[in-house]
**Student:** 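Pasting in a structure now, in structure tokens, and then I'll have a few things to ask.
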Amino acid sequence: MSSSDFIRDKIKADIESSKFGGRVHTRFPPEPNGYLHIGHAKSICLNFSIADEFGGSCNLRFDDTNPDAEDADFVDAIQEDLAWLGFEPNGEAKYASDYFEQLYTWAEDLIQKGLAYVDDQDAETISANRGGFTTPGVDSPWRERSVEENLELFRGMCAGEFDDGAKVLRAKIDMQHPNMHMRDPVLYRIKRAAHIRTGNDWVIYPTYDFAHGQSDAIEGITHSLCTLEFDDHRPLYNWVLNNLDLPHEKPEQTEFARLNLTHTVMSKRILRQLVEDGSVDGWDDARMPTLRGLRRRGYPPAAIREFIDHIGLARVDGTNEIELLESFVRTSLNKTALRRMAVLDPVKVIITNWPEGKTDLREAVNNPEDADAGTRSVPFTGELWIEREDFSLDPPPKYYRLTIGREVRLRSGYFITAQDVVTDDDGKVVEIHCTYDPETAGGQAPDGRKVKATIHWVSAEHALDANVHLYERLLTEALPGKDGQEILASLNPESRKTVSAKLEPILADVEPGQVVQFERLGYFAVDLDDTSLFHRTVGLRDEWARIQKRQNNQNKQKNQKKNKGRAPIS
RNA sequence: UCGCGGGUAGUUCAGUUGGUAGAACACCAGACUUUGAAUCUGGGGGUCGCAGGUUCAAGCCCUGCCCCGCGAGCCA
């Protein structure tokens, strides 16, 4: 079912020409320095799906070449999130650090070939001498050391004879190269830091550019897929591999555009800031774009996968609408989520002609999209909660829910007609007095009269209390940081609203993480830790909201026109 | 400023060897409906970045220009 794109086209061509003997082997290479987010999901889906489609496999490899940044906790978290998304890596997780020994040997090979040298300049000097976009770099004074001297020095680096930062190993390529990454890039640096896997075994660590391609090669990766910002690294990727004796065919790097979403930040730095300043509860807050956040929010992994599959692949940087992702979430949940009734903003309905003390057990369909989901029974009594919005004393145009004198259907219940209300001192409705028609138990009136609306309800006597988190966009700006503004400038202080809701009794029996549909409201996920807390995953499409919005816009335009007409002519 | 990569509906992407520009989501309208949901049907939407050139014919080929992204870590 997968669409065709430039990467799949290339792989098909490679298979036909048997470039890698027809093999396809990909990898997902996260650095264990943070939690996975929806942006990573694109890379994950891409690498795993492609392997699957072409009968290959996909490795999970931790790119752990920088002990300063990495933490073992993330290794576990990443594997959990990957499993949650529904992917199983080929064999055990791999680590770039598994190859430190081989990488070291290769570094000596390069020195032997006269293609690498030890540089005594400090970081600032190296940076200054690299030149700029318009100015060529200048050669290091240590560039022409002999092979023997380089070898001895490099071994000394490895043996811990020099201070951190005192020396580096550099590739000897071309300080005049138009591509900055080719101006004698650093291959090894001295860093006395405990590594998550190798502890204090090493004091020198390879850079990304001296580890990634070789790791690919060692694992027999054929197609090394990465994001566009590595485009400039490709010549270096190839240079390194071309100068080494590889155990397999040389892998090929291909770049694609990373995922951007409206109203969303993907930057780890900014996400950390949100966590640290308390704007969100943590990395797994339901408003975070992390996989853990989306999981708490109730996003089905399948919806994420289908979304990624749908948006396709290109080399064009762009931004997808978050609404598109949400539409995949709805489509997925519509088919699977059990329907339940919950009232988020309750107002009391008294049925005046209901037999005193009677409880009627109503049979309600669990999921109209899935006959196998069966039915449940819901207690109905003479005192109910309904949604405050479903009653109006002064109904706006096109409003067709409950209002005085009008009849509506209670879902899976009876037709009721509002007769009267009780208000408090502020005029706020506190009780709606209604009559019901016992003949409408089947959901239809025997005389064939129709009602325009069906509303949901919960028996007051049987209602469960629960907290529900309602979410708005974390960032109100579609493109945060657009036009040079602060990325968090549009941080929404009201991105989460908690309401105490009334639930039908069967909702006592839910699993952590389960997502149900509160009828007419949206999809709601049971919290992972507290089953009396629900998170609004995503609302239902809301035609009424749209009607109101349109009316508001029309009014606004009318006012603007009026004002324009009145504007003085200067 | 230099190098690289890009530019096709609101958004994300298709577009074969040059032959009347497509899809999905979004938007609008209608049908159906015990969720103003879902489902179904239909509709509006485009100076193919701009300007030249080649050609009977250019989104596609050629030239020039414009705009956007990335790049000067001992981060990945």
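What you see is a predicted model; the values in this text were computed from it and never measured.
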**Student:** Using a cut-off of 4.0 Å on non-hydrogen atoms, how would the nucleic acid contact of A/L410 be classed: base, sugar-phosphate, or nothing?
**Tutor:** nothing
**Student:** Using only heavy-atom distances, determine whether the side chains of A/R340 and A/N366 contain a donor-acceptor pair under 3.5 Å.
**Tutor:** yes
**Student:** Would you classify A/T262 as touching base, sugar-phosphate or nothing, given that sugar-phosphate means primed atoms plus P, OP1 and OP2, and contacts are heavy atoms under 4.0 Å?
**Tutor:** nothing
**Student:** Between A/F524 and A/F534, does the ring centre distance come in under 6.0 Å?
**Tutor:** no
**Student:** Could you list by number each residue of residues 367-377 of chain A showing a heavy-atom separation from RNA chain B of less than 4.0 Å, or answer none if no residue does?
**Tutor:** A/P368, A/E369
**Student:** Using the C1' atom on both, measure B/rA26 against B/rU20 and round to a whole Å.
**Tutor:** 27 Å
**Student:** Looking for any heavy atom pair under 4.0 Å, which part of the strands does A/R409 touch: base, sugar-phosphate only, or nothing?
**Tutor:** base
**Student:** Between A/Y237 and A/F230, is the ring centre distance below 6.0 Å?
**Tutor:** no
**Student:** Go nucleotide by nucleotide along RNA chain B from the 5' end; which of A/Y399 and A/V168 gets its closest nucleotide reached first?
**Tutor:** A/Y399
**Student:** Is the gap between the ring centers of A/F210 and A/W106 under 6.0 Å?
**Tutor:** no
**Student:** Tell me the interatomic distance from A/H181, atom NE2, to B/rC2, atom P, rounded to whole angstroms.
**Tutor:** 19 Å
**Student:** Which atom pair, heavy atoms only, marks the closest approach of A/R8 to A/S49?
**Tutor:** NH1-CB, 4.5 Å
**Student:** Can you tell me how far P of B/rG6 sits from CG of A/N260, to the nearest Å?
**Tutor:** 17 Å
**Student:** Compare side-chain N and O positions of A/R8 against OP1 and OP2 of B/rC13 and report whether any pair is under 4.0 Å apart.
**Tutor:** no
**Student:** Quick one: does A/Y188's side chain have a donor or acceptor within less than 3.5 Å of a partner on A/Y104's backbone?
**Tutor:** yes
**Student:** Describe the nucleic acid contact of A/K398 in one word from base, sugar-phosphate, nothing, applying a heavy-atom distance below 4.0 Å.
**Tutor:** base
**Student:** Applying a 4.0 Å non-hydrogen cut-off, can you work out what A/R340 is touching in the nucleic acid: base, sugar-phosphate, or nothing?
**Tutor:** nothing
**Student:** Students often get this wrong, so: under 4.0 angstrom with heavy atoms, is A/Q517 touching a base, only sugar-phosphate, or nothing?
**Tutor:** base
**Student:** If you pin A/D231 and A/R362 to their nearest nucleotides in RNA chain B, which one's is more 5'?
**Tutor:** A/D231
**Student:** Of all the nucleotides listed (B/rG36, B/rC75, B/rA29), which has the minimum atom distance to the side chain of A/N66?
**Tutor:** B/rC75
**Student:** Which listed nucleotide (B/rA76, B/rG3, B/rC75) is nearest to the side chain of A/F230?
**Tutor:** B/rA76
**Student:** Looking at B/rG36, I'd like to know if its phosphate oxygens (OP1 or OP2) sit under 4.0 Å from a side-chain N or O belonging to A/K549.
**Tutor:** no
**Student:** Distance check, C1' atoms only: B/rU63 and B/rU54, in whole angstrom units.
**Tutor:** 11 Å
**Student:** Could you tell me whether A/F62 and A/F74 have their ring centroids closer than 6.0 angstrom?
**Tutor:** no
**Student:** Measure from CG on A/D317 to C1' on B/rC70 and round the result to the nearest Å.
**Tutor:** 8 Å
**Student:** Distance between the P atoms of B/rU39 and B/rA24, in whole angstroms?
**Tutor:** 13 Å
**Student:** The side chain of A/R401 lies closest to which of these nucleotides: B/rG71, B/rG36, B/rC74?
**Tutor:** B/rG36
**Student:** Cut-off 3.5 Å, side chains only: do A/Y414 and A/R362 have a donor facing an acceptor?
**Tutor:** yes
**Student:** Mind checking whether A/F100 and A/Y95 have ring centres under 6.0 Å apart?
**Tutor:** no
**Student:** Evaluate whether the aromatic ring of A/F133 and the six-membered ring of the B/rG71 base sit under 5.5 Å apart, centre to centre, with an inclination under 30°.
**Tutor:** yes
**Student:** Under 4.0 Å between any heavy atoms, over every strand shown, what does A/E387 touch: base, sugar-phosphate, or nothing? Just pick one.
**Tutor:** nothing
**Student:** Under a 3.5 Å cut-off on both pairing distances, which runs of 3 or more consecutive Watson-Crick or G-U pairs involve RNA chain B?
**Tutor:** B:2-7 with B:66-71, B:10-13 with B:22-25, B:27-31 with B:39-43, B:49-53 with B:61-65
**Student:** If we ignore angles and hydrogens, is there a donor and acceptor under 3.5 Å between the side chains of A/D122 and A/T125?
**Tutor:** yes
**Student:** Select one nucleotide: of B/rA37, B/rU35, B/rG5, the one nearest the side-chain heavy atoms of A/R541.
**Tutor:** B/rA37
**Student:** The side chain of A/H310 lies closest to which of these nucleotides: B/rG3, B/rA24, B/rC74?
**Tutor:** B/rA24
**Student:** So what does A/R315 hit on the nucleic acid, given a heavy-atom distance under 4.0 Å: a base, only sugar-phosphate, or nothing?
**Tutor:** sugar-phosphate
**Student:** Atom CD of A/E321 and atom P of B/rA26: how far apart are they, to the nearest Å?
**Tutor:** 9 Å
**Student:** Looking at A/R330, I'd like to know whether one of its side-chain N or O atoms comes within less than 4.0 Å of OP1 or OP2 on B/rC25.
**Tutor:** no
**Student:** Per the atom types in the model, does the base of B/rU11 pair as donor or acceptor with the side chain of A/E323 at under 3.5 Å?
**Tutor:** no
**Student:** Could you tell me whether A/G318 contacts a base, only the sugar-phosphate backbone, or nothing, with contacts defined as non-hydrogen atoms closer than 4.0 Å?
**Tutor:** sugar-phosphate
**Student:** Just how far, in rounded Å, is C1' of B/rC25 from CG of A/D309?
**Tutor:** 15 Å
**Student:** As a test of reading the structure: which of B/rG6, B/rC75, B/rC27 is closest to the side chain of A/V316, going by heavy atoms?
**Tutor:** B/rG6
**Student:** Measure from the side-chain heavy atoms of A/L540 and tell me the nearest of B/rC13, B/rU35, B/rC75.
**Tutor:** B/rU35
**Student:** Base, sugar-phosphate, or nothing for A/N33, non-hydrogen atoms under 4.0 angstrom?
**Tutor:** nothing
**Student:** A/L187 near the nucleic acid: base, sugar-phosphate alone, or nothing, with a heavy-atom cut-off under 4.0 Å?
**Tutor:** nothing
**Student:** Determine whether the side chains of A/E252 and A/H223 contain a donor N or O and an acceptor N or O closer than 3.5 Å.
**Tutor:** no
**Student:** What contact category does A/L228 fall into here, base, sugar-phosphate, or nothing, at under 4.0 angstrom with non-hydrogen atoms?
**Tutor:** nothing
**Student:** Would you say the side-chain atoms of A/D63 and A/H212 include a donor-acceptor pair closer than 3.5 Å?
**Tutor:** yes
**Student:** Categorize A/S412 for me: base, sugar-phosphate, or nothing, with a 4.0 angstrom heavy-atom threshold over every strand shown.
**Tutor:** base
**Student:** Is the shortest side-chain N to carboxylate O distance from A/R61 to A/D98 below 4.0 Å?
**Tutor:** no
**Student:** Atom CZ of A/R520 and atom P of B/rU33: how far apart are they, to the nearest Å?
**Tutor:** 18 Å
**Student:** Can you tell me whether the base of B/rG44 sits syn or anti, using the 90° cut around 0 to define syn?
**Tutor:** anti
**Student:** Phosphate oxygens OP1/OP2 of B/rG5: is one of them under 4.0 Å from a side-chain N or O of A/R234?
**Tutor:** no
**Student:** Across the strands shown, which category fits A/T135 at heavy-atom distances under 4.0 angstrom: base, sugar-phosphate, nothing?
**Tutor:** nothing
**Student:** Closest to the A/T207 side chain: B/rG36, B/rC75, B/rA76?
**Tutor:** B/rA76
**Student:** Using atom CG of A/L325 as one end and atom P of B/rA26 as the other, report the distance to the nearest whole Å.
**Tutor:** 13 Å
**Student:** Does any donor-acceptor pair link the side chain of A/H233 with the base of B/rA76 at a separation under 3.5 Å?
**Tutor:** yes
**Student:** Between A/L540, A/L333, A/L338, which is the residue that forms a side chain to side chain contact (heavy atoms under 4.5 Å, CB included) with A/Q517?
**Tutor:** A/L540
**Student:** The side chain of A/D232 lies closest to which of these nucleotides: B/rC4, B/rU35, B/rC75?
**Tutor:** B/rC4
**Student:** Starting from P on B/rG3, measure out to CD on A/Q176 and report it in whole angstrom.
**Tutor:** 15 Å
**Student:** Of the nucleotides B/rC25, B/rC13, B/rG5, which one has an atom closest to the side chain of A/A314?
**Tutor:** B/rC13
